[in-house]
Amino acid sequence: LGLRPKRTLRLVLWTGEEQGGVGAKQYYQLHKENISNFDIVMESDEGTFKPSGLGFAGSAEARNIVKEIMTLLQPINVTGVYDTADGTDIAYWIRDGVPGASLHDDINKYFWFHHSQGDTMTVQDPNQMNLCAAVWTVVSYVIADMEDMLPR
């Protein structure tokens, strides 16, 4: 589409969450000196099932902005903003004041496959994965393209 947000989007993929969060801790240690440049940290750790919205941690003013952004997802019925953002991978940043978000989705089938031999891409529903991707795409792009960063 030729779209370029005003600020950089950074996608980080790592392992080690189940082994004490070593990937998240290392990333935080390497980048915490630039914490003022981090607008929001987001994670998805409940699979890629049908999303319902985002958990959010941050100031009331930032929460109101995220609620407004989520209205853009009304056509796919994913507008919820829940009270907390959970996740080992973003906890260090949230603790230090960076707004955080975590995907909320229907986890009824999560433990059918989680950490099992059946935990493969073949059990994923492409339509539900696309909805999850749409949530992250819209939220991350809009936040990165705002004039100002989210209020702390």
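What you see is a predicted model, and the numbers here were worked out from it, not measured in a lab.
Evaluation of the side chain to side chain donor-acceptor pair (under 3.5 Å) rule for Q29 yields K32 as partners, not counting sequence neighbours. Among residues two or more places apart in sequence or in another chain, the side-chain contact (heavy atoms from CB on, under 4.5 Å) test is passed with S36 by none. Checked against side chain to side chain donor-acceptor pair (under 3.5 Å), N127 has no partners two or more places apart in sequence or in another chain. Not counting sequence neighbours, the partners of D45 by the side-chain contact (heavy atoms from CB on, under 4.5 Å) test are E17, E43, Y110. A search for side-chain contact (heavy atoms from CB on, under 4.5 Å) contacts involving T8 returns nothing, not counting sequence neighbours. For L3, the side-chain contact (heavy atoms from CB on, under 4.5 Å) partners two or more places apart in sequence, or in a different chain, are L1, Y141. Checked against side chain to side chain donor-acceptor pair (under 3.5 Å), N130 has no partners two or more places apart in sequence or in another chain. For R10, the side chain to side chain donor-acceptor pair (under 3.5 Å) partners at least two apart in sequence or on another chain are Y27.
When all heavy atoms of P5 and A144 are compared, the closest pair comes out as CB-CB, 3.7 Å. Across every non-hydrogen atom of A85 and A57, the tightest pair is CB-N, 3.8 Å.
Sorted by first and then second residue, the side-chain hydrogen bond (donor to acceptor under 3.5 Å, both in side chains) pairs with a member in residues 89-98 read W14-D89, Y28-R95, Y28-D96; sequence neighbours excluded. Listed by first and then second residue, the side-chain hydrogen bond (donor to acceptor under 3.5 Å, both in side chains) pairs that reach into residues 98-107 are D106-N108, sequence neighbours excluded. Residue pairs satisfying the side-chain hydrogen bond (donor to acceptor under 3.5 Å, both in side chains) criterion with at least one member in residues 47-74, sequence neighbours excluded, are listed as follows: T48-Q124, S52-Y82.
Chaining together hydrophobic side chains whose heavy atoms lie under 4.5 Å apart places V78 alongside I40, M42, L54, F56, I65, V66, I69, M70, L72, L73, I76, V81, L103, L131, V135, W136, V138, V139, V142, I143, M146, L150.
Side-chain heavy atoms closer than 4.5 Å link hydrophobic residues (I, L, V, M, F, W, Y) into clusters, and following such links, possibly through other members, connects V12 to V98. No continuous path of hydrophobic side-chain contacts links L9 to V41 [ILVMFWY only; heavy atoms under 4.5 Å].
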For this session: Determine, step by step, whether R7 and D145 satisfy the side chain to side chain contact (heavy atoms under 4.5 Å, CB included) criterion, reporting the C-alpha distance in whole Å, the side-chain angles of both residues, the deciding distance to 0.1 Å, and the verdict.
Result: CA-CA 6 Å; R7 289 183 296 285; D145 200 48; over 6 Å; no

